[in-house]
Amino acid sequence: MNNISDFMAGDHRRCDDIFVDVEQAVASGEWERAVAGYAQFQSAVLQHFSAEETLLFPAFEQKTGMSMGPTQVMRGEHEQMRELMDAARAALVAKDADDYSGNAETLLIMMQQHNMKEENVLYPMCDQHLVDQVDALLPQLQHAIQK
Amino acid sequence: MQGLLSFEQAPPISAPLRFFVTAPVFAILAGLLLLWSGPDLFASRWTPATLALTHLITAGFMLQAMLGAMLQLLPVMAGANMARPLLVASIVHAAITPGTLLLVAAFLTYRPLLFGLAVGFLGVGVTVFIAAAAHALHCVESPSPIIRGLKLALLGLGVTVSLGLLLATSLGWSLGLPLVQLANIHLSWGFVAWGCAMLAAVGAVAVPMFQLTPDYPGWFGRGFSFAALGFMCLWTFADLAGWAGLSTLLAVMVVLTAATFAVLTLNIQRQSRRPKLDVVQVYWRGAMLSTLAACALWLAARSIPALEDWSGWPFLFGVLLLFGGFMSVIVGMLYKISPFLVWLHLQNLGRGRVVAPNMKKVLAETDMEWQMFAHFTAFALLLLAVFWPAWFVYPAGLALVVANGWLLRNLLSAVGVYRAHLIKIESAAPGQSERR
């Protein structure tokens, strides 16, 4: 795994896996397991956002000069997902399965279409433009996203 | 490349929604047509009422919904931004809606003028859409499987509609073309090279994404649309050249290609990691099973002479493919896309000031479940009507009206939530939000 695309897309899949665990716990009424799993999910997603916003996006913006382009849109979508994650957590704490499922469904689609844009467009652009920085940048990203 | 991922380039909500709420109206008209024509409709696949019914579903329901969905999915799934999407949506919708109504009226009356007008409206609408979508897809730098799939599906749509326009012109002015042969080529291109190819391109992305399944195998993404289009081209050539043996062999390959998509989809859906089967998943699985049954029936009719001689088998095939297959999967996709769009646009307009209602508050799961029950009831009654028209055609027509009236109600209630919430946003900060 020596490019940005593979590493960051792999982290998307890790977040998906935790999301599924929580959904299964909610479906079987195991609220404690769901709350604990959700905390892990939210922390994994926030780590991912933070690694992008503080390391990957600034490097891309500096190299390409595109500060109001795709990275700006991605930052906006991160904000939308932060709000959705908070709403889903509140529903989970209140043990409201219907409200959780509405917020989780919305979050899932938002998250997946966001991932698709990153994996199909932005990450390949990062691989292309940051080819000379990848040896330094990749360990930093790996460190910021502690598995 | 600057605006590649820009939300601002995504179409305003009214662009796709106008297609989505028009689609069920055509299916309601199809139900009314069944009630009006009664059991006579099942006399032959070439009766005016049968042709009108088929086109209410294909050019009315399917084309509306699929063009609306494509308008929305191109930027998100393929990074292909259409220039001036609202203008394109307005022209296309304003052309294909009267175009389909005129075509249906033309079939029912056989007036050349109506065929001519239908050709004009549908020709303009579909050409504008294909040109705008092809331009957007052409501008994408790194072609992924979905882009290739959508390009080939657009080509399939172009051939389908061109053949359809040729047929309509020929019907209006008796050009002496081999109508039955051309009609079979026209419908095969519509089912496989347009419908199935577009569904496969979108499904390859949407099924793993919405249902958390494994991905389709790599060869599927690389080869499916080429195989579908390649076999269609070869079959068309062999059929027109009159090479009966080769034509049959290639037609079998076309049907097996479509069946491969259905089998693969059912197999990966079996591995979905979501704990509950929701409405959308049931719609998808029902659609794939019905498509598979349609493929099996087609192959059986080719090998069992007694079945091929039965005048009912094309009806059975049509009901399985159009109502059980395409209509089911389209309604399922509308139930994912429409509430998400309402949430997304409200979230963007009211950010930080008014919290947008989540998808299930935009459209409740129970409303979708009841509508789905009505849809599959209508489908079952239509299947029974093929065998016993006198008994079941009226209940089937009525059920089709109810199921699609319900779909329309559900979609309009989502629009109602959008409008009501927009007022809240505007009153929270007058003048700051833009009405879309």
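So you know, we letter chains A, B, ... as the sequences are listed, proteins then strands, and number each from 1.
Listed options Leu107(A), Asn115(A), Val20(A) were ranked by heavy-atom pairs under 4.5 angstrom with chain B; first place goes to Val20(A). The choice from Gln113(A), Met111(A), Gln80(A) that makes the most heavy-atom pairs within less than 4.5 Å of chain B is Gln80(A). The residue among Ser101(A), Ala87(A), Ala104(A) with the most heavy atom pairs within less than 4.5 Å of chain B is Ser101(A). Options Gln24(A), His114(A), Glu79(A), Gln72(A) differ in how many heavy-atom pairs under 4.5 Å they form with chain B, and the most are formed by Gln24(A).
In this structure, the portions of Ile109(A) lying under 4.5 Å from any heavy atom of chain B include both its backbone and its side chain. For Val205(B), the part lying under 4.5 angstrom from a heavy atom of chain A is the side chain only.
The salt bridge (Lys or Arg N to Asp or Glu O under 4.0 Å) test with Arg75(A) singles out one residue from Glu52(A), Glu61(A), Glu118(A), and that residue is Glu61(A). Here the options are Asp16(A), Asp17(A), Asp11(A), the test is salt bridge (Lys or Arg N to Asp or Glu O under 4.0 Å), and the partner is Arg14(A); only Asp11(A) passes.
Between His129(A) and Phe60(A), the two ring planes are perpendicular [angle over 60°; tilted spans 30° to 60°]. The aromatic rings of His12(A) and His48(A) sit tilted, their planes meeting at an angle between 30° and 60°.
In terms of modelled atom types and a separation under 3.5 Å, the side chain of Asp127(A) and the main chain of Asn3(A) share no donor-acceptor contact. Formation of a donor-acceptor pair under 3.5 Å by the Ser50(A) side chain with backbone atoms of Leu46(A) is not found in this model.
By a heavy-atom distance cut of under 4.5 Å, Met209(B), Phe210(B), Leu212(B) are the residues of residues 207-219 of chain B near chain A, going up by number.
Defined by atom type and a distance below 3.5 Å, a donor-acceptor pair is present between the side-chain atoms of Asn410(B) and Tyr335(B).
When all heavy atoms are compared, the tightest approach of Arg18(B) to Ala15(B) is CG-O, 3.4 Å. Closest non-hydrogen pair, Tyr418(B) versus His345(B), comes out as CE1-CB, 3.9 Å.
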